[in-house]
S.K.: 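Would you mind keeping the following structure in view while I ask a few things?
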There are 2 protein chains.
Amino acid sequence: MNKEITIYDIAKDLGVSPTTVSRALNDHPAVNVKTKQKIFDAAKQMGYRSNVFASNLRSKKTNNIGIIVPRLNSSFQSSVLAGMEKVANDAGFNLIISQSLESSEKEKANARTMFNSRVDGLLVSLASNTENVEHFNAFLDKGTPVLFFDRVASNSGCTGVVIDNTQAAYNATKHLIEQGCKNIIHVLGNTKINVYADRLKGYKYALMDHEIPFNSKNVIYSDLNEEAGEDIANKIINKKTLPDGLFVSNDACAASCIQTLKQAGIRIPEDIAVVGFNNDIISRLIEPNLTTTHYPGYEMGEVAMKNLINHLGDNSKGVLQNTNTITLRSELIVRSSSLRQKTT
Amino acid sequence: MNKEITIYDIAKDLGVSPTTVSRALNDHPAVNVKTKQKIFDAAKQMGYRSNVFASNLRSKKTNNIGIIVPRLNSSFQSSVLAGMEKVANDAGFNLIISQSLESSEKEKANARTMFNSRVDGLLVSLASNTENVEHFNAFLDKGTPVLFFDRVASNSGCTGVVIDNTQAAYNATKHLIEQGCKNIIHVLGNTKINVYADRLKGYKYALMDHEIPFNSKNVIYSDLNEEAGEDIANKIINKKTLPDGLFVSNDACAASCIQTLKQAGIRIPEDIAVVGFNNDIISRLIEPNLTTTHYPGYEMGEVAMKNLINHLGDNSKGVLQNTNTITLRSELIVRSSSLRQKTT
């Protein structure tokens with residue numbers, strides 16, 4: 001049963017011409033409805049599939065959109081992918097998905113594979129050690145749009161979909177200051193990534209605006225995962241002077257940090273007020289509930305995919321040409337991990 | 001720059017024959033290393049891409065593997081996908097991923113798309129209302145392997161990768177009984193799905209073996225998400241007699257349930273001992289830490305993909321033919337949400 005069914009087989013089976021079969025399958029108006037239905041039924045029953053490859057060769061379109069993310073098993077990225085898939089599927093596109101595992105080398109290899117697979121467009125959230133985005137030039141040279149999301153490349157000429165990370169970090173830090181914190185630790189990832197570089201800026205600006213001197217020893221670089229949270233808590237516990245505020249760039253890491261701090265007898269928020277980032281489910285279920293920034297991953301996926309697909313439409317070529325950045329709304333959600341009586 | 005570069009363009013540019021270019025790009029031994037490098041460099045610089053479609057038409061292989069999951073934004077499924085992607089990428093396959101959003105209709109539509117895209121193989125975790133798997137017959141008729149994981153179809157003739165859900169639920173329930181529980185509530189999803197049907201069996205068997213009568217009112221069907229956890233907790237609080245044990249088929253739902261129970265003044269584990277399922281990060285960070293079954297999602301993804309790819313190898317056709325079920329190890333992890341002095 002491995003033989004591929006052709007329109008000739010269907011034509012022979014039904015005693016009609018191959019042209020009629022071809023027209024019927026392409027919903028040509030010259031074929032009457034009854035005949036069409038008969039041909040559809042026979043095609044389905046015989047296991048016919050339209051020759052997508054051959055028609056791809058003609059149209060030069062694959063209806064495939066490539067996505068490269070740092071990690072598939074991330075709460076944030078899986079929300080983004082869910083939003084992207086919903087929009088793409090409704091519009092008749094397939095997603096080809098790969099992960100860079102935070103390696104620029106693997107990202108390059110993935111980009112080559114996507115290029116050879118002739119995706120119609122590419123959506124990328126960059127690996128943490130990606131220094132430049134030349135490996136996407138081949139797409140741009142062919143007129144294949146590349147759109148970045150969350151972790152974007154500045155000055156790449158491509159559109160990026162982001163939140164205002166500087167403002168979000170500014171608001172989080174300002175909130176801690178308003179709760180009486182004067183010695184605030186900021187935990188973040190590699191500042192080669194716009195996301196963390198911008199949040200560091202926001203943290204510094206908020207300190208500056210409230211006349212608190214910036215101390216580089218209060219910045220901790222981290223992988224921001226569950227294990228890292230424990231390490232960071234231990235570092236904090238061993239400091240000569242305990243900080244009174246903690247702003248972590250990821251909820252899972254903040255939650256794990258809180259757990260270890262509590263086990264050491266440190267009270268949250270009384271001794272240390274804590275703020276996370278993302279509004280993951282964990283932020284609503286740990287104790288005390290975690291103050292965090294709502295980062296709309298699902299919506300980011302929808303917006304990125306809609307913009308890419310609109311750009312691919314025949315009548316709308318170039319909608320992304322002059323768009324540098326699409327910024328989504330984010331907001332600080334205050335919960336009990338940071339809310340305390342002013343101690344000053 | 002939209003014109004597709006051919007081997008003729010490269011040949012002309014370098015002043016060699018098209019045959020030499022073609023041979024070099026296919027790493028033919030007749031072309032010397034230096035010439036090969038020159039041709040590779042020119043191909044890269046000119047933006048040549050191998051004609052994957054044309055070669056697909058010849059080989060009838062696409063190197064694409066289709067995956068259909070109920071939801072992309074699920075902690076468990078994203079671990080599975082990460083494991084699958086790692087194995088597939090290393091073996092030179094692309095993943096085409098879609099989600100059924102728990103709808104059998106959408107699952108059918110996704111299967112049709114995958115079929116027309118001529119995936120080399122298909123991995124599926126079924127939607128909760130899928131009653132039969134006839135929509136995958138078209139693949140089997142063409143000799144394209146279909147492999148189910150987590151939510152599998154019994155008697156489909158396809159291989160399924162699972163854990164022993166009956167045994168896992170038996171162990172969880174037995175543990176609660178050993179902690180003194182006599183009135184245990186089980187929260188689960190649609191029992192059309194093997195996963196939940198099997199867990200219900202395990203729960204019943206454990207009760208039976210310990211001479212505790214089964215009470216159908218102690219079984220709560222649920223969407224098993226964060227919101228559902230709150231509803232379930234409220235149902236429990238309003239019962240005439242409070243249960244003394246709670247076995248929930250998902251950690252996020254169990255955690256949300258615990259939070260609401262605690263807010264109502266119910267002590268965990270003293271009043272109600274609670275067990276979840278999956279060993280998500282949340283189980284290690286809520287208070288008290290949640291007893292749960294470690295469900296190895298990443299490993300399940302690896303095993304499913306390895307088996308599918310091995311089956312695709314030219315020399316190993318049919319490795320899945322006689323394999324009905326691949327069962328992975330799972331284990332109960334006891335933490336403080338269920339650990340208490342025997343009260344009997």
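Note on naming: letters A, B, ... go to the chains in the order of the sequence lines (proteins, then strands), and numbering restarts at 1 for each one.
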S.K.: Nearest 0.5 Å, please: how far is CG in A:Leu72 from CG in B:Leu72?
M.R.: 9.0 Å
S.K.: Can you tell me how far apart CG (A:Asn110) and CD (B:Glu85) are? Round to the nearest 0.5 Å.
M.R.: 6.0 Å
S.K.: Against chain B, label A:Arg112 side chain, backbone, both or neither, depending on which of its atoms sit under 4.5 Å from a heavy atom there.
M.R.: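 Answer is neither: A:Arg112 stays 4.5 Å or more from chain B.
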S.K.: Could you measure the distance from the CG atom of A:Asn63 to the OG atom of B:Ser117? Nearest 0.5 Å is fine.
M.R.: 8.5 Å
S.K.: Please flag which part of A:Ala138 lies under 4.5 Å from any non-hydrogen atom of chain B: side chain, backbone, both or neither.
M.R.: neither
S.K.: Is the backbone N or O of A:Leu101 less than 3.5 Å from a side-chain atom of B:Lys86, with the two atoms forming a donor-acceptor pair by type?
M.R.: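 Between the backbone of A:Leu101 and the side chain of B:Lys86 there is no qualifying donor-acceptor contact (under 3.5 Å).
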S.K.: Report the option among A:Lys44, A:Lys262, A:Arg71 that has the most heavy-atom pairs separated by less than 4.5 Å from atoms of chain B.
M.R.: A:Lys262
S.K.: Which bit of B:Gln99 comes within less than 4.5 Å of chain A, counting heavy atoms only: side chain, backbone, both or neither?
M.R.: both
S.K.: For A:Phe139, what residues pass the ring pair (Phe, Tyr, Trp, His ring centres under 6.0 Å) criterion, not counting sequence neighbours?
M.R.: A:Phe115
S.K.: Can you name the residues that form a salt bridge (Lys or Arg N to Asp or Glu O under 4.0 Å) with A:Glu230, not counting sequence neighbours?
M.R.: none
S.K.: Tell me which one of A:Ile282, A:Asp280, A:Ile286 satisfies side chain to side chain contact (heavy atoms under 4.5 Å, CB included) with B:Ile282.
M.R.: A:Ile282
S.K.: A:Ile5 versus B:Lys142: any side-chain heavy-atom pair under 4.5 Å?
M.R.: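 Yes, close enough: below the 4.5 Å cut-off.
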S.K.: Look up atom CD1 in A:Ile281 and atom CG in B:Asp251, then write down how far apart they are to the nearest 0.5 Å.
M.R.: 10.0 Å
S.K.: Atom CD1 of B:Ile96 and atom CD1 of A:Ile97: how far apart are they, to the nearest 0.5 Å?
M.R.: 10.0 Å
S.K.: Any idea which heavy atoms bring B:Gln259 and A:Arg284 closest together, and the distance?
M.R.: OE1-O, 2.9 Å
S.K.: Under 3.5 Å, side chain of A:Gln77 to main-chain N/O of B:Ser78, donor-acceptor pair present?
M.R.: no
S.K.: Quick one: what part of B:Asn289 sits under 4.5 Å from any heavy atom of chain A, side chain, backbone, both or neither?
M.R.: side chain
S.K.: Quick one: of B:Val80, B:Asn94, B:Thr113, who has the most non-hydrogen atom pairs under 4.5 Å with chain A?
M.R.: B:Asn94
S.K.: Please classify the contact between A:Ser75 and chain B as side chain, backbone, both or neither, with a heavy-atom cut-off of under 4.5 Å.
M.R.: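 For A:Ser75, no heavy atom lies under 4.5 Å from chain B.
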S.K.: Distance from B:Leu285 atom CG to A:Cys257 atom SG, nearest 0.5 Å?
M.R.: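 One finds 11.0 Å between CG of B:Leu285 and SG of A:Cys257.
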S.K.: Between B:Ala109, B:Ser98, B:Ala88, B:Ser74, which shows the greatest number of heavy-atom pairs under 4.5 Å with chain A?
M.R.: B:Ser98
